[in-house]
Amino acid sequence: MGLGVLEDRAMAHVPGTTRYFDDPERPQYAANGAEGLKCDTSGPVPIILVPQPSDDPNDPLNWPLWKRDLITFMLSMTAIFATCLGPILAANTLTLTFDFSIPFTKVAALTGWYLLGVGLAAFVFVPSGRIWGKRHLFVLGTILLVATSAWGGASRHHYTSMVWSRVFQGVATAPFESLVNAAVGDLYCVHQRGIRMAFTNLAVFGGAFFTPILVGKITDAIGWWWTFYLVAIFCGVCIPIVFFFCPETAYRRDTALNLDLLGTDKPTTEQPRGSVTDDAEKSGGSTQGINGAADASAATAARPVPPKATYLQSLALFNGRKTDEQFWKLLLRPLPLFLQPAFLWACLTQGLLIGWTVFIGVIMAQFFLSTPLWWTEVQTGYAYTAAFIGAIIGFVVAGVLSDWTARYMTKWNNGVYEPEFRIVLVIPQLMFGCAGLYGWGITVDGLLYNKYNYAVPLTFFALEVAGMVIGAVASSLYIVDAYRGLAIEGFTCMIIFKNVFSFGLTLRAFDWLVETQTKARPLFNVVASVQLVVCLLSIPMYIFGKRIRSFFHRHDLLALFKVR
């Protein structure tokens, strides 16, 4: 039982478990003349690269780190412009109500239609990304962002046109919500992902909270339709950036190099004492690294190293299939994963807090645009400064703690890394997120009676958003590290869940508020308690996570449903 994670009795090596740090006194490469495992030697302790880079110069793991970081940065910046379309109407509730002559509920539904478009498009884009790579989807998504944003701006006084523009804006956003985090898995080894995953989550989620701050002022100065036109202009700038400087990140890697994905059954006969295998088991490590090194060396020696692709060749939207699997199977593959405890946990951990954030954004106008504050839309937009600060706090906390906790827990665990170490991030998520939800419900009601200054509920909103970002990082890192072979399907599950859940909330938000006589406290006491229970589910997930990985490796859900 490594640091509370129960060991599995059925398998010697469970997929996802890796020997994160190389112990020089127990080398893993002295078997059958294998050349050994490639390591990151930039720090004081050599870190085994997981997955192992191939000898192919076109393997993204062999690209210079600055190049990989630049690609991540450019995709993240484009993702900011894509995901800002989600809350772009948050500060314009009153204006749109008068402009379209519709009730508040229909204005709130415009955000819901966008979220529904994201969730539905992910079904198609994810299998396309698995088969042909992600580059063509990033390019297509950026072009669609320009067209649909311009469409939204041109939909003045035409509500139905606005609804359809919002749906297709969601479709355009889908590649960035579903595949940017997965691209981190393509570009980096396990020990390099934490801070990058935190940054991409900040771009996907945090950037959206900066949008309403600007939208209120833009609407007041030049009209709400220009908020869409400006997104179209900025996304137009992103088209050549994505096309010319973001090559394909997906790579068809030899199975032997994926040390964290392969499993090893328990041996049926006793290993000779004193062997390298025995040493690895005594040290708490896995023998997969030894076997993987030999297999990787043999695989590499058996095939010639391809030439490095030229820059012009790297501009191709398609550079071959990344898998031989059938499209329809990949299309349906995310659905059975909702029955797998780890993926369901990730959906709840990430999706609920995102949904509650959307919920707060929808009802915020009810408290700030009416009595007793009577704020303008510019002031309501500025209120999102608190949410943006909360996103930054969440980014900093997740960025600092994600790799630090994994690294130190791995050392304490005799050099064996368990993906469950990522779940520790749920502790600050619980602290920030639940405190924010409980506090928001209590203090926003106090605004109606001048009991609290407006800064108090906004502070709790910031805490809730910080918890949301931390939870998104925790769940994303766990799925990438524990189930990297299903990471894209896992992100699809999370996107479908959070968007369908948030869509439902946008339709019911005002009705629930009316049912509680415009009192947020009883409603958010329930919401916060649900979130607390979900966070506490991380305890059994941490303890039994390794056994769950083992069980579903041996009993493949996808094979059971005939989608593998």
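Taking all atoms of both residues into account, the shortest heavy-atom contact from Pro60 to Glu248 is CG-O, 4.4 Å. Ser538 approaches Trp345 most closely through the heavy-atom pair OG-NE1, 2.9 Å. Across Thr506 and Gly112, no two heavy atoms sit closer than the pair OG1-CA, 3.4 Å. Nearest heavy atom pair, residue Gly490 against residue Ile479, reads CA-CG2, 4.2 Å. Taking all atoms of both residues into account, the shortest heavy-atom contact from Ile233 to Trp226 is CD1-CZ3, 4.3 Å. Scanning all heavy atoms of the two residues, the minimum distance from Tyr311 to Phe244 falls at OH-O, 2.9 Å.
At distances below 3.5 Å, not a single donor-acceptor pair connects side-chain atoms of Ser161 with backbone N or O atoms of His158. In this structure a side-chain-to-backbone donor-acceptor pair under 3.5 Å is present from Thr227 to Trp224. Proximity of a side-chain donor or acceptor of Asp445 to a complementary backbone N or O of Arg521 within less than 3.5 Å is detected. Here the side chain of Ser476 pairs no donor or acceptor atom with the backbone of Val473 at under 3.5 angstrom. The backbone N or O of Arg196 lies less than 3.5 Å from a partner atom in the side chain of Thr200, making a donor-acceptor pair. Side-chain atoms of Glu177 never come within 3.5 Å of backbone atoms of Ala174 as a donor-acceptor pair (strictly under, hydrogens ignored). In terms of modelled atom types and a separation under 3.5 Å, the side chain of Ser149 and the main chain of Val146 share no donor-acceptor contact.
Partner Val118 forms a side-chain contact (heavy atoms from CB on, under 4.5 Å) with one of Val167, Thr83, Asn499, Leu85 and no other, that one being Asn499. Among Phe388, Tyr384, Phe81, Tyr382, the single residue meeting the ring-ring contact (aromatic ring centres under 6.0 Å, His included) criterion with Phe210 is Phe388. Checking each of Tyr438, Tyr454, Phe461, Tyr452 against Thr443 for a side-chain contact (heavy atoms from CB on, under 4.5 Å) leaves exactly one that passes, namely Tyr452. Between Phe343 and the choices Tyr483, Phe497, Tyr478, the ring-ring contact (aromatic ring centres under 6.0 Å, His included) rule is met once, by Tyr483.
Rounding to the nearest 0.5 Å gives a distance of 4.5 Å between CZ of Arg422 and CG of Asp481. Remark: Cys189 SG to Leu61 CG distance equals 5.0 Å, nearest 0.5 Å. A distance of 5.5 Å separates CD1 in Ile360 from CG in Leu437, rounded to the nearest 0.5 Å. Between the CG atom of Leu353 and the CD atom of Gln531 there is a distance of 3.5 Å, given to the nearest 0.5 Å. The line from CG of Leu110 to CE of Met162 is 6.5 Å long, rounded to the nearest 0.5 Å. Atom NZ of residue Lys498 and atom CG of residue Leu348 lie 14.5 Å apart, to the nearest 0.5 angstrom.
Within a 6.0 Å radius of NZ in Lys67, more than 12 heavy atoms belonging to other residues, nucleotides or ligands are found. Heavy-atom neighbours of Trp63 CH2 from other residues, nucleotides or ligands within 6.0 Å: above the threshold of 12. More than 12 heavy atoms of other residues, nucleotides or ligands lie within 6.0 Å of CE in Met74, so this atom counts as buried by the packing criterion. Around NZ of Lys322, the count of heavy atoms belonging to other residues, nucleotides or ligands within 6.0 Å exceeds 12.
Taking the six-membered ring for Trp and thresholds of 30 and 60 degrees, Tyr159 and Phe100 have ring planes more than 60 degrees apart, a perpendicular arrangement.
By the 4.5 Å heavy-atom criterion applied to side chains, Leu339 and Leu344 are not counted as neighbours. Contact check for Val480 versus Val184: no side-chain heavy atoms found under the 4.5 Å cut-off. You'll find the side chain of Arg68 stays beyond 4.5 Å of the side chain of Thr249, heavy atoms only. Between Gln169 and Phe228, the closest side-chain pair of non-hydrogen atoms falls below 4.5 Å. Looking at Ser165 and Thr148, their side chains never come closer than 4.5 Å, going by heavy atoms from C-beta outward. You'll find the side chain of Phe176 reaches within 4.5 Å of the side chain of Thr142, heavy atoms only. Side-chain atoms of Pro175 and Lys134, non-hydrogen and from C-beta on, never get closer than 4.5 Å to each other. Between Pro103 and Thr97, every side-chain heavy-atom pair lies at or beyond the 4.5 Å cut-off.
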Apply the test side chain to side chain contact (heavy atoms under 4.5 Å, CB included) to residues Leu145 and Ile239: give CA-CA distance (whole Å), side-chain angles for both, the deciding distance (0.1 Å), then the verdict.
-> CA-CA 10 Å; Leu145 285 171; Ile239 290 176; over 6 Å; no
Given the rule in the side chain to side chain contact (heavy atoms under 4.5 Å, CB included) test, do Phe138 and Leu75 qualify, once you have shown the distances and angles that lead to the verdict?
-> CA-CA 8 Å; Phe138 289 138; Leu75 291 177; 3.8 Å; yes
Could you give me the CA-CA distance, side-chain angles and deciding distance for Met77 and Ile241, then say whether side chain to side chain contact (heavy atoms under 4.5 Å, CB included) is met?
-> CA-CA 10 Å; Met77 290 301 99; Ile241 292 175; over 6 Å; no
Could you go step by step and tell me if Val396 and Ile393 meet the side chain to side chain contact (heavy atoms under 4.5 Å, CB included) rule?
-> CA-CA 5 Å; Val396 171; Ile393 292 172; 5.8 Å; no
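For Trp356 and Phe501, the ring centers sit closer than 6.0 Å to each other. Not less than 6.0 angstrom separates the ring centroid of Trp225 from the ring centroid of Tyr229.
Legend: side-chain hydrogen bond (donor to acceptor under 3.5 Å, both in side chains) pairs involving residues 108-131, not counting sequence neighbours, sorted by first then second residue: Tyr114-Thr173, Ser128-His136, Arg130-Glu489.
Taking the centre and axis of the six-membered ring of Phe243, the NZ or CZ atom of Arg135 falls inside the cone set by 45° and 6.0 Å.
Side-chain N/O atoms of Trp440 and Glu464 include no donor and acceptor closer than 3.5 Å.
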